[in-house]
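Report on the structure given below.
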Amino acid sequence: MKNILLVGGAGYIGSHTVKQLSKSGYNCIIIDNLVYGHKEAIQASYFELVDLMDKNLLNEVFNKYHIDSVVHFAAFAYVGESVIEPKKYYENNVLGTLNLLEAMLNNNIKKIVFSSTCATYGEPKYIPIDESHPQDPINPYGRSKLMIEKILYDYHKAYNLKYISLRYFNAAGCSKDGDIGESHSPETHLIPLVLQAIINQDKPIKVFGADYNTPDGTCIRDYIHVEDLAIAHQLAIEKLDNYSGCINLGTGIGTSVKEIISAAEAITGKTCPVEYVAKRKGDPAQLFATNDKAKNILGWVPKYNDIREIISTAWTWELNRKY
Ligand code: UDP
């Protein structure tokens, strides 16, 4: 049974990946500083409270467990905050990753799957976005992730590190059985906020812009179910011996903000209070992926292609949150 180290394994995508890997017979070891992760989301028998700034503790973890591969989710991910406090983002995300890589190389561990993002592309030059689309991020969060992609590439060339950077589009939904889910504080993501507006009718969802150049005037995004992301991580781990590079993870389907709201209303049978407000800075009109590379290289096909099914799982969670 292979030991996989999940850095940030108590977070949203990390915890769903732990669940998937455990189900498939992997031995999961989680490290997390629990700044944004949740104790209740820990789905593995082995957990160590470690911050990536603590090189000694990191080394101890690698000494204690015989790690085969690392999956690295740990990052600060609030775009707006990254503009105001870039230092926090570059230190935590970039320096934290450098420390992790140092500990890995010191212990001769050379396989890593990294959580990257479509935010590394910046303003789209064309749609759908493939992996050769130019990368020109428009905020420090996206730049911190792009820097890590480049570091992984250089370490691959120089030290034979095997890596796959997975560029997520909009992660959404929750575990189908409702035992783990999405819980950010503060919450900034559209789907949980729409469902929360439906529950607390006095807090309308603020729609950021209704005059975009899209069919209904609202932004279009590619919402990918978190369990599909989790499966992709497993496939990526299993591919590391034969492939290193960057892969988009999206459904290839674009859904507008208004379509999300209508689907949520249909699922819940309730109306969603809506307030139209100004555009949010740095929000492109449309972002959706081609996922041909994920299909070809990983053999990955998303199971959730219907936004209503994705929102249904989020609704199950929202009605019975554990954390
Ligand atoms: N959005 C919105 N109101 C909100 C949060 C998000 O209108 O309160 C829109 C946002 O402009 C974007 C889409 O919903 O077009 C998804 O935003 P989210 O923050 O969930 O993810 P992002 O695309 O920023 O990663």
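Note that this is a predicted model, so its numbers are computed, not measured.
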Short side-chain to backbone donor-acceptor contact, Asn200 and Gln196, under 3.5 Å: yes
Would a distance-only check, ignoring hydrogens and angles, find a side-chain to backbone donor-acceptor pair under 3.5 Å from Lys322 to Ala41? no
Do [Y] and [X] meet the salt-bridge criterion of a basic N to acidic O distance under 4.0 Å?
| X | Y | value |
| --- | --- | --- |
| Lys111 | Asp68 | yes |
| Lys176 | Glu227 | no |
| Lys39 | Asp32 | no |

Ring centroid separation for Tyr163 and Tyr155, is it under 6.0 angstrom? no
Kindly say whether the aromatic ring centers of Tyr126 and His133 come within a distance under 6.0 Å. yes
So, for Cys246 and Glu131, which heavy atoms are closest and what is the spacing to 0.1 Å? O-CG, 3.5 Å
Check the pair Ile205 / Cys272 against side chain to side chain contact (heavy atoms under 4.5 Å, CB included), numbers first and verdict last. CA-CA 8 Å; Ile205 179 73; Cys272 178; 3.6 Å; yes
Identified ring pair (Phe, Tyr, Trp, His ring centres under 6.0 Å) counterpart of His233 within the set Phe114, Trp300, Phe73: Phe73
Min side-chain heavy-atom separation [X]-[Y] under 4.5 Å:
| X | Y | value |
| --- | --- | --- |
| Ile260 | Tyr223 | yes |
| Leu161 | Met104 | yes |
| Thr120 | Thr117 | yes |
| Ile307 | Thr251 | no |

Tell me whether the count of non-hydrogen atoms from other residues, nucleotides or ligands lying under 6.0 Å of [atom1] in [X] goes above 12.
| X | atom1 | value |
| --- | --- | --- |
| Lys279 | NZ | yes |
| Lys295 | NZ | yes |
| Arg321 | CZ | yes |

Do you see a donor-acceptor pair shorter than 3.5 Å between the side chains of [X] and [Y]?
| X | Y | value |
| --- | --- | --- |
| Ser115 | Tyr168 | yes |
| Glu85 | Tyr78 | no |
| Ser116 | Glu149 | yes |

